Amino acid sequence: MSARVAPSSSTAVAFGPYVLEPRQRLLTRNGEPVELGGRALDLLMVLIERANETVSKRELLAAVWPDVVVSEESLRFHMKTLRGALADGDDEARYITTQVGRGYCFVAPVRRHEPAPSIPEVREPAPLATTPLRSSLPVRSRRMLGREQDSRLLLSHVLADRCVTVVGPGGVGKTTLAVAVAHDLESTFPGQVYFIDLSAFRNAALTSTALASVLGMSVPTDDPTPSVLAFLRTRRMLLVFDNCEHVIDDAARLIESIVHSAPEVHVIATSREALRIDGERIYPLEPLQAPPDSPELSAGTLMHYSAAQLFIDRANAGGWRHTPSDADARIIGRICRKLDGLALAIEFAAGRVATFGLGQTASLLDETLGLAWSGRRTARPRQQTLEATLSWSCALLPPIELRVLYRLSIFVGHFCLEVAQVVAADDEVDARSVIAAVEALHAKSLLSLSSYAGRTTYRLMETTRAYCMERLQADEREHHELALRHARLFQRLLEYPESCFKEDAQSWRSYLAENLSNVRAALEWAFSPRGHAPTAISLARVASRLFLELSLLTECRRWCERAIASMADSQRGDATEHELQAAYGLSVTFTLGNSDTARIAFERALAIATALHDARNQVRMLARLHIFHERLGDFAGSLAKARQAAQIAAELAQPEQRAVASSLLAVSFHLMGDQARARTESEAALALSAPSERWQTIDAGFDHRNRSLITLARTLWLQGLPDQARARAAAAVSEAAGLDHPVTHCIALIWAVSVDLWTGDLEQAERHIDEFIAEAEIHSLSPYLAVGMGIKGELAIRRGQAESGVPALRECLRRLHAVRYELLTTHLNLSLAEGLIAIQRSAEARELIDSTIAHNEASGELIALPELLRVKASLLDDGAAEETLRNALEHSRRQHSMSWELRSAMDLARLLAKQTRVGAAHEALAPVFAKFTEGFDTADLRAARLLLDQLSANVTRAEKR
């Protein structure tokens with residue numbers, strides 16, 4: 001709810017084409033009301049009050065949210081809304097500027113003048129009759145929540161335009177709003193406000209009779225309209241015609257006649273469709289604002305949303321005595337979204353909370369949507385249940401519109417007109433009839449309209465869809481035919497997007513991402529006992545592309561597994577099985593780990609591609625097997641797959657395939673300790689895959705170009721180029737984020753973290769690992785969650801908190817071993833060993849390092865061998881330590897790893913200095929340090945510089961002695 005910032009002055013304020021009237025809380029543009037939420041209006045009032053001053057964010061939060069703790073995100077959201085309403089920045093108009101790091105400033109010239117009256121007076125002409133009649137208004141609703149802006153705008157429109165029709169779906173609150181505004185206008189029309197409920201009249205010809213009855217007139221029974229018009233011609237009053245939809249033609253004629261013949265009569269009509277008469281202003285009443293589907297939704301932010309306000313108010317009125325927690329807030333948000341913000345549906349659901357509890361109410365809604373739940377006993381029969389409300393609406397439809405409405409319930413969520421025609425049209429209902437029916441159903445508020453991916457789309461509200469689906473399923477044959485057409489339609493859209501989306505691939509991706517619910521519903525039906533197995537398999541194949549593209553890996557695994565199990569022997573060995581096995585293997589790898597199940601799927605997909613002489617897919621499957629063996633810790637096997645892919649790619653006249661193969665080789669050489677060849681292959685891969693053509697190196701959303709970039713970043717650090725390494729790592733993270741592919745983003749982040757840790761930037765490492773963990777949690781990437789825990793443990797050790805870091809690393813390694821994810825084992829073992837040394841468990845650390853070295857020499861993973869030897873030296877006596885450090889230096893030089901060489905040289909210099917061999921110490925470190933040309937602000941180079949200065953001073957003192 002709005003804080004209702006109190007205006008310090010009643011003076012109206014003008015700026016540009018706008019006038020702000022503080023007392024009425026009304027903003028107009030060229031005399032027309034501007035729709036603006038309460039918070040945004042409060043922000044505007046505060047900024048205008050201090051025009052040309054910078055108002056800090058803290059001051060704005062305190063003024064607009066005085067009793068609620070909110071984040072700056074809420075402030076930014078409402079400020080964006082305000083700027084949008086003002087068209088700030090359009091046609092060079094400028095009203096509000098952002099003062100970076102300080103706040104906001106209202107910069108437009110402001111003109112002040114006396115305010116307009118809060119409610120415009122309607123002039124009472126002398127000749128008009130003023131005989132007072134008794135008002136017939138129903139009682140105002142006890143609390144009308146979330147409709148303050150609607151109430152102000154509707155009141156203004158009624159006075160300015162005389163005839164306003166409030167249009168919206170059943171249960172949205174049209175009558176409640178109309179009655180509230182009518183009560184607000186009673187002082188303007190004293191004793192002359194009349195409410196005409198048309199819902200009880202089945203005979204359209206009785207509309208005039210109903211009005212005459214409310215007015216207390218005695219009129220002829222054959223045609224009372226002339227008498228009614230004559231009566232109204234000399235009067236000033238407000239008429240509220242409620243529920244016009246079922247007598248729409250007669251109501252439209254009567255109201256138009258009143259507007260034309262009675263100049264001082266104002267009309268509010270409520271209807272599910274517009275009257276479409278001369279002089280009518282349509283006021284579409286939108287559902288209440290439901291909270292977003294966001295893990296950040298909290299109890300503190302819940303009350304910013306009108307649907308949630310109504311839900312909690314009605315739940316409390318029904319006996320629910322509970323202050324919502326953050327977990328409750330997310331459940332309430334889900335309920336409000338499920339019910340599309342419909343006030344009536346929310347009231348019904350909220351009334352069950354005291355009986356069933358919040359969680360159980362949500363579960364019941366998932367099952368039935370509460371169509372039969374009853375509301376107030378005193379409500380009209382058509383509003384006592386949702387089912388009655390929907391039956392009322394559907395009973396008013398012509399047969400063809402009703403049939404199309406039932407058929408459209410096969411869609412879940414949004415659909416465009418083209419797909420509606422494909423599914424809903426047949427021999428009995430042609431495509432033109434579907435178009436006409438969609439137009440009519442939208443006009444009657446049974447279809448809502450939106451825009452996605454640049455296309456106009458429609459959707460049924462969930463309650464309407466559930467009601468219609470029940471009726472559709474009652475005809476088993478028709479439901480089967482529609483479900484089959486629906487499934488085959490989305491199969492075609494997924495397989496041949498260019499047939500419907502000639503613009504670009506992004507339009508296809510955006511549209512289908514918004515239609516995931518339709519794809520899921522089609523899969524559920526196709527795999528059901530009453531479904532269609534061949535369609536199910538084909539649909540699962542093409543749907544796997546979208547699931548992988550969007551990193552919905554658990555879902556991809558589920559449907560691919562079902563499809564593979566459903567295939568008959570005669571169906572195997574073709575392109576369909578190849579794609580299903582390939583997708584299944586990848587989704588298993590990233591969600592469950594490196595099991596034999598994933599390996600078997602990849603090898604089966606490779607065998608099919610080989611049998612079909614499909615070289616491109618051979619490279620793709622070898623790339624996936626390369627990643628599988630790499631994650632397994634089998635680096636020799638991984639290199640073998642990379643070389644096999646390079647051999648096949650060399651025979652193809654496709655640079656992108658050679659780029660993929662070079663990327664695979666770069667990763668293998670990097671991990672096996674050959675940094676010179678790793679750099680060569682990384683740079684070759686990047687040269688063959690320009691950012692503008694990167695889609696050609698993307699496999700199921702997984703970007704091989706990005707792997708090349710992050711591999712090059714790590715390689716550059718090892719080769720003694722920290723600045724270039726940081727730049728490449730930052731570019732990799734940025735590019736991965738732009739791809740909107742969580743797996744690729746995670747890979748970029750985790751390798752960037754290694755560069756952060758190596759350069760000593762612990763704050764950046766913390767930011768990157770938090771982002772990594774958030775992505776892994778959202779997309780159920782279980783192995784990555786364990787990795788995140790381990791890096792958190794490493795950071796704790798680096799910050800001197802080894803007591804907490806060591807257990808975290810142990811648990812991380814336990815989980816990774818369980819899913820056979822060994823790619824980061826060496827790095828994590830190194831960190832664990834350093835933690836064990838920090839807590840005086842040297843024997844355990846020595847055993848861990850020795851076993852890691854032995855494993856690495858056997859597996860071929862030599863990248864960290866110099867570092868393992870360096871850490872091991874710290875556990876040995878001086879003689880053995882010196883030998884081990886010189887061995888580490890030799891391995892560093894062999895690998896072209898200058899940064900490892902620097903670390904070993906520093907430890908050797910410290911050891912020699914401790915033995916008073918200061919000259920030898922300086923000689924061990926100085927030549928290595930001299931090879932560096934950049935990165936002098938990184939942790940290792942700062943430490944080396946400091947050590948060299950100390951050694952130089954000691955050498956000088958020794959010479960003087």
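The chain is numbered in sequence order, starting from 1. Computed from a prediction, not measured in an experiment: that's the story for all the values here.
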Stepwise side-chain contact (heavy atoms from CB on, under 4.5 Å) test for His629 and Leu639 = CA-CA 9 Å; His629 285 283; Leu639 178 60; over 6 Å; no
Salt bridge or not for Arg903 and Asp907, using N-O below 4.0 Å?
-> no
Just wondering, more than 12 heavy atoms not from Glu811 lying within 6.0 Å of its CD?
-> yes
Any Leu664 side-chain heavy atom under 4.5 Å of Leu622 side chain = no
Sequence neighbours excluded, which residues qualify as salt bridge (charged side-chain N to carboxylate O under 4.0 Å, His left out) partners of Lys641?
-> none
Considering only NZ, NE, NH1 and NH2 on the basic side and carboxylate oxygens on the acidic side, decide whether Glu681 and Arg677 come within less than 4.0 Å.
-> no
Would His704 and Glu656 satisfy side chain to side chain donor-acceptor pair (under 3.5 Å), going step by step from the backbone distance to the final call?
-> CA-CA 10 Å; His704 287 284; Glu656 65 274 10; over 6 Å; no
Using 30° and 60° as the class limits, which term best fits the ring planes of Phe772 and Tyr784: parallel, tilted or perpendicular?
-> tilted
Establish, yes or no, whether the cationic atom of Arg631 lies under 6.0 Å from the six-membered ring centre of Phe590 and within 45° of the ring axis.
-> yes
Check the side chains of Ser899 and Asp940 for a donor-acceptor pair under 3.5 angstrom, ignoring hydrogens and angles.
-> no
Evaluate whether atom CD of Glu934 has more than 12 neighbouring non-hydrogen atoms of other residues, nucleotides or ligands under 6.0 angstrom away.
-> yes
Decide whether Arg679 and Gln719 meet the rule of one side-chain donor and one side-chain acceptor closer than 3.5 Å.
-> yes
Is it true that a side-chain atom of Thr884 and a backbone atom of Ala880 form a donor plus acceptor pair closer than 3.5 Å?
-> yes
Is Asp756 paired with Arg726 through a side-chain N to carboxylate O contact shorter than 4.0 Å?
-> no
Using only heavy-atom distances, determine whether the side chains of Thr744 and Asn706 contain a donor-acceptor pair under 3.5 Å.
-> no
Run the salt bridge (charged side-chain N to carboxylate O under 4.0 Å, His left out) check on Glu890 and Arg894 step by step: do they pass?
-> CA-CA 6 Å; Glu890 178 58 31; Arg894 198 178 303 159; 3.7 Å; yes
For residues Leu902 and Leu941, determine if any side-chain heavy atom of one lies less than 4.5 Å from a side-chain heavy atom of the other.
-> yes
Less than 4.5 Å apart, any side-chain heavy atom of Thr826 and any of Ile863?
-> no
Determine, step by step, whether Asp596 and Arg820 satisfy the salt bridge (charged side-chain N to carboxylate O under 4.0 Å, His left out) criterion, reporting the C-alpha distance in whole Å, the side-chain angles of both residues, the deciding distance to 0.1 Å, and the verdict.
-> CA-CA 10 Å; Asp596 284 338; Arg820 302 171 71 194; 3.3 Å; yes
Roughly how far apart are Met789 CE and Leu809 CG, rounded to 0.5 Å?
-> 10.0 Å
Check whether the side chains of Gln801 and Arg799 place a donor and an acceptor atom closer than 3.5 Å, and report yes or no.
-> no
Side chains of Val743 and Leu781: does their closest heavy-atom pair fall under 4.5 Å?
-> yes
Thr759 and Thr938: side-chain donor and acceptor closer than 3.5 Å?
-> no
Distance, nearest 0.5 Å, that separates CG of Leu762 from CG of Leu795 | 6.0 Å
Is any side-chain heavy atom of Leu813 less than 4.5 Å from a side-chain heavy atom of Asn829?
-> yes
Looking at residues at least two apart in the chain, or sitting in another chain, which of them share a side chain to side chain donor-acceptor pair (under 3.5 Å) with Ser668?
-> His626
For Glu883, does the CD atom sit with more than 12 other heavy atoms under 6.0 Å from it, leaving out its own atoms?
-> no
Does Arg705 reach the side chain of Leu686, with side-chain heavy atoms less than 4.5 Å apart?
-> yes
Considering only NZ, NE, NH1 and NH2 on the basic side and carboxylate oxygens on the acidic side, decide whether Glu882 and Arg886 come within less than 4.0 Å.
-> yes
Report yes if the side chains of Val819 and Ser782 come closer than 4.5 Å at any heavy-atom pair, otherwise no.
-> no
